[in-house]
Chemist: 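There's a structure below that I have some questions on.
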Amino acid sequence: QVQLVESGGGLVQTGGSLRLSCAASGRTFSKIAMGWFRQTPGKEREFVAAINWRGGTTYYEDSVKGRFTISRDNAKNSGYLQMDSLKPEDTAVYYCSARRGGIASTSLHDYVDWGQGTQVTVSS
């Protein structure tokens with residue numbers, strides 16, 4: 001099992017930036033893929049970005065391509081989501097997740113371990 005703790009959320013104006021961090025402990029972080037998902041009230045949790053265990057393969061949801069960047073530092077057991085040019089529609093609770101086996105996926109059903117989430121609010 002991997003324990004995940006997100007941080008870095010907050011309130012930002014349209015066009016601003018935030019960097020989310022995900023600190024992992026437990027299972028060897030370098031052997032897992034990592035994903036970021038987000039959820040708003042009344043909606044299903046949706047895919048945002050994912051990265052494989054080596055960091056060489058990344059996936060993004062279409063609406064965040066060119067604005068968000070996913071990365072990881074296996075030496076620090078940490079993953080990151082740099083969010084630039086934020087829009088009000090990016091407002092959500094953002095969750096870090098871990099997938100065993102190291103291969104990134106865009107499906108939330110492939111992820112076993114989840115953090116508690118961090119709120120991101122973008123004001124217009």
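Note that the numbering runs from 1 along the sequence shown for the chain.
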Chemist: Given side chains that start at C-beta, do those of S97 and W36 come closer than 4.5 Å, heavy atoms only?
Modeler: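 Counting from C-beta outward, S97 and W36 never come under 4.5 Å.
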Chemist: For E89, what residues pass the salt bridge (charged side-chain N to carboxylate O under 4.0 Å, His left out) criterion, not counting sequence neighbours?
Modeler: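 Residues passing salt bridge (charged side-chain N to carboxylate O under 4.0 Å, His left out) with E89: none at all.
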Chemist: Hey, could you give me each pair passing ring pair (Phe, Tyr, Trp, His ring centres under 6.0 Å) that has a residue in residues 86-124? Not counting sequence neighbours.
Modeler: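 Checked against ring pair (Phe, Tyr, Trp, His ring centres under 6.0 Å) - neighbours excluded - the pairs reaching residues 86-124 are F37-Y111, F37-W114.
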Chemist: Donor-acceptor pair, N52 side chain versus G56 backbone, under 3.5 Å?
Modeler: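 Here the side-chain-to-backbone pair exists.
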Chemist: Is any side-chain heavy atom of L108 closer than 4.5 Å to one of D110?
Modeler: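 Not touching, per the 4.5 Å side-chain cut-off.
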Chemist: Do you know the tightest heavy-atom contact between R99 and A104?
Modeler: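 R99 and A104 have their closest heavy atoms at NH1-O, 3.9 Å.
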Chemist: Quick check: closest heavy atoms across I32 and R100, and the distance to 0.1 Å?
Modeler: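 Nearest heavy atoms, I32 then R100: CG2-CA, 4.2 Å.
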Chemist: State the NZ-CZ distance between K31 and R54, to the nearest 0.5 angstrom.
Modeler: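 Atom-to-atom, K31:NZ and R54:CZ are 8.5 Å apart.
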Chemist: In residues 12-23, what donor-acceptor pairs under 3.5 Å come from side-chain atoms, sequence neighbours left out?
Modeler:
unit_1, atom_1, unit_2, atom_2, d
T14, OG1, S123, O, 2.7
S17, OG, D84, OD1, 2.7

Chemist: If every non-hydrogen atom of T91 is compared with every non-hydrogen atom of T40, which pair is closest and at what distance?
Modeler: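 For T91 and T40, the tightest heavy-atom pair comes out as O-CG2, 3.1 Å.
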Chemist: Does S71 have any side chain to side chain contact (heavy atoms under 4.5 Å, CB included) partners at least two apart in sequence or in another chain, and if so, which?
Modeler: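 Here the qualifying residues are Y80.
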Chemist: Go through the structure and list residues passing salt bridge (charged side-chain N to carboxylate O under 4.0 Å, His left out) with K65, not counting sequence neighbours.
Modeler: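 K65: salt bridge (charged side-chain N to carboxylate O under 4.0 Å, His left out) contacts with D62.
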Chemist: Closest approach of A24 and V2, non-hydrogen atoms and distance?
Modeler: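 Where A24 meets V2 most closely, the heavy atoms are CB-CG1, 4.0 Å.
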Chemist: So, do C96 and M34 sit near enough that their side-chain heavy atoms are less than 4.5 Å apart?
Modeler: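 Answer yes - side chains close enough.
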Chemist: For the residue pair Q116 and E6, establish whether any side-chain heavy-atom pair is separated by less than 4.5 Å.
Modeler: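 Yes, side chains in contact.
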Chemist: Between F47 and V93, is there shared hydrophobic-cluster membership here, with clusters defined by ILVMFWY side-chain heavy atoms closer than 4.5 Å?
Modeler: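 Yes, one cluster joins them.
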Chemist: Rounded at 0.5 Å granularity, tell me how far CD1 in I70 sits from OG1 in T57.
Modeler: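 It comes to 11.5 Å.
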Chemist: For I103, does the CD1 atom have more than 12 heavy-atom neighbours from other residues, nucleotides or ligands under 6.0 Å away?
Modeler: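 Not more than 12 within 6.0 Å, no.
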Chemist: Grab the two heavy atoms, one from T106 and one from Y59, that are nearest each other, plus how far apart they are.
Modeler: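 So the minimum-distance heavy-atom pair works out to CG2-CB, 4.0 Å.
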Chemist: So, do V48 and L81 sit near enough that their side-chain heavy atoms are less than 4.5 Å apart?
Modeler: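 Contact flag for V48/L81 side chains = yes.
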Chemist: My understanding is that only residues two or more places apart in sequence, or in another chain, count here; which of them pass side chain to side chain contact (heavy atoms under 4.5 Å, CB included) with R67?
Modeler: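 Expected list: V64, S85, K87, D90.
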Chemist: Within a strict 4.5 Å, meaning less than it, do heavy atoms of the K43 and R38 side chains meet?
Modeler: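 No, side chains not in contact.
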